[in-house]
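Please read the structure below before turning to the comments.
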Amino acid sequence: MNSSRIPEGRSFQCFIPMPFKTGAVLRSPTNRAKISHIVFTISITSLMMSGVQTICTFMHTGVVIPQLQCERFRDVAEVSGNGRYLGATVGVNANLAYLKSWWGEGEVKIYLDSDTDYPTLNGTGTEDYIGTGWGQGAYANSFAGCLIADNERKQWSFYRLHVPDPVFFSNKCKVALQQIGGDAKAEVLKMQKAGAKLAPVTIDDGKQLLKLFKKGHVVKLDSAGLPDGWTNFYRSDDVSATAYFYLNTPENNLPSLQPASYRVAKLRIE
């Protein structure tokens with residue numbers, strides 16, 4: 001849970017409280033990435049507090065979802081109970097079938113309590129959610145950043161922590177990320193003709209926003225009468241996320257962590 005990076009970019013610091021009532025167990029991390037040195041310092045403050053909430057984490061990966069399967073949403077996490085959504089770290093291996101197109105047009109949607117079709121909080125793209133815009137370059141701030149932004153390899157890793165802007169919920173919280181990308185119409189048409197699984201959503205020709213998506217029907221971009229312009233489309237990329245919550249109980253409805261063999265299955269490593 002990286003909340004900030006030291007100026008030289010060689011390590012991370014976390015200032016997020018992890019309260020406990022009667023005790024805590026700290027275990028050494030598993031070094032699957034074969035990092036040469038892992039050093040950590042833990043500070044503990046003794047306080048008498050009432051109504052303490054415990055921190056919970058959940059990792060969800062989409063890497064085993066078959067490539068080229070057009071996905072409308074990718075769930076980040078869903079929990080039940082009274083608590084606070086703290087944020088998430090997200091990793092993206094963009095599907096190479098979509099060429100050089102931008103993958104991050106999808107909205108981050110946060111459904112709270114009695115929300116059904118429409119979320120309480122709705123974003124306008126992954127770059128906007130982490131405090132930047134027009135693409136997603138590498139940077140690090142205290143509560144939002146993108147530590148990997150590799151346009152050549154089509155890989156990104158970013159984080160957003162709701163510390164100064166808390167998100168509370170009374171009985172449940174669900175966070176989802178739309179799987180939407182965008183490019184010029186001619187480029188999206190090229191992908192479509194090459195067989196990439198995608199579903200056009202809108203075309204913006206600078207004068208109007210033409211809505212294209214109809215459930216169960218994929219619009220052919222070479223259809224007569226469609227204007228040229230920026231075209232958003234549903235797509236499927238390899239997306240993994242680790243979400244962070246405070247809950248009023250250490251018990252939750254989240255499944256167990258998937259084994260490492262599952263988490264890296266079909267993962268594109270370059």
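For this chain, numbers begin at 1 and follow the sequence in order. Side-chain atoms are counted along with the backbone in the values below, which use heavy atoms only and exclude waters and symmetry mates.
Distance check: I203 CD1 to Q208 CD gives 9.5 Å after rounding to the nearest 0.5 Å. Distance check, rounded to the nearest 0.5 Å: CG of L210 to NZ of K185 gives 9.5 Å. The line from CG of L221 to NZ of K190 is 13.5 Å long, rounded to the nearest 0.5 Å. The distance from atom SG of C56 to atom CZ of R84, rounded to the nearest 0.5 Å, is 13.5 Å. Separating the CG atom in L86 from the CD1 atom in I55 is a distance of 5.5 Å, to the nearest 0.5 Å. One finds the CZ atom of R235 at 11.0 Å from the CD1 atom of I180 (value rounded to the nearest 0.5 Å).
Listed by chain and residue number, H162 satisfy the ring pair (Phe, Tyr, Trp, His ring centres under 6.0 Å) test with Y129 (two or more places apart in sequence, or in another chain). Applying the side-chain hydrogen bond (donor to acceptor under 3.5 Å, both in side chains) criterion to D128, with sequence neighbours excluded, gives T124. Checked against ring pair (Phe, Tyr, Trp, His ring centres under 6.0 Å), F213 has the following partners two or more places apart in sequence or in another chain: Y234. Listed by chain and number, the residues in a ring pair (Phe, Tyr, Trp, His ring centres under 6.0 Å) with F245 are Y85 (sequence neighbours excluded). In this structure E107 satisfies the side-chain hydrogen bond (donor to acceptor under 3.5 Å, both in side chains) test together with K109, N122, sequence neighbours excluded. Annotation: side-chain hydrogen bond (donor to acceptor under 3.5 Å, both in side chains) contacts of D150 (sequence neighbours excluded): R153.
In this structure the side chain of V201 never reaches within 4.5 angstrom of the side chain of L212, judged on heavy atoms. Residues Q179 and W103 fail the side-chain proximity criterion, which asks for heavy atoms closer than 4.5 Å. Counting heavy atoms from C-beta outward, D237 and N93 have side chains that stay 4.5 Å or more apart. No side-chain heavy atom of F143 sits under 4.5 Å from any side-chain heavy atom of R160. In this structure, K197 and N95 have side chains that are not in contact, with every pair of non-hydrogen atoms separated by 4.5 Å or more. Residues C173 and I110 meet the side-chain proximity criterion, which asks for heavy atoms closer than 4.5 Å. Using a 4.5 Å heavy-atom cutoff, the side chains of K214 and V219 are not in contact. A heavy-atom distance below 4.5 Å is not found between the side chains of S80 and N171.
Here the closest non-hydrogen pair linking E127 and G135 is CB-O, 3.2 Å. A pairwise comparison of heavy atoms in D205 and D228 identifies CB-O, 3.2 Å as the closest pair. Considering all non-hydrogen atoms of both residues, G182 and N232 come closest at CA-OD1, 3.7 Å. Contact record, D183 with K100: OD2-C, 4.3 Å, taken as the closest heavy-atom pair. When every heavy atom of I130 is checked against every heavy atom of G145, the shortest pair comes out as CD1-O, 4.0 Å. K154 and L99 make their closest contact through CE-O, 3.8 Å (heavy atoms, listed as atom of the first residue, atom of the second, distance).
No donor-acceptor distance shorter than 3.5 angstrom exists from the side chain of W156 to the backbone of C146, with no hydrogens or angles considered. A donor-acceptor contact shorter than 3.5 Å is absent between the side chain of S240 and the backbone of D238.
Side chain to side chain, S101 and E187 fail the donor-acceptor criterion of an N or O pair below 3.5 Å. Defined by atom type and a distance below 3.5 Å, a donor-acceptor pair is present between the side-chain atoms of D115 and T120. Side-chain contact of Y244 with T89: a donor-acceptor pair under 3.5 Å is present, judged by distance alone.
No continuous path of ILVMFWY side-chain contacts below 4.5 Å connects V167 to Y111, so the two sit in separate hydrophobic clusters. By the criterion of side-chain heavy atoms lying less than 4.5 angstrom apart, applied directly or through intervening Ile, Leu, Val, Met, Phe, Trp or Tyr residues, V76 is grouped together with V108 in one hydrophobic cluster. When the side chains of ILVMFWY residues are joined at heavy-atom separations under 4.5 Å, either directly or via intervening members, F158 and Y139 end up in a single hydrophobic cluster.
Under the 6.0 Å cut-off for aromatic ring centres, Y98 and F233 qualify, their centroids lying closer than that.
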Verdict with reasoning, T231 to T202, per side-chain contact (heavy atoms from CB on, under 4.5 Å) | CA-CA 6 Å; T231 303; T202 58; over 6 Å; no
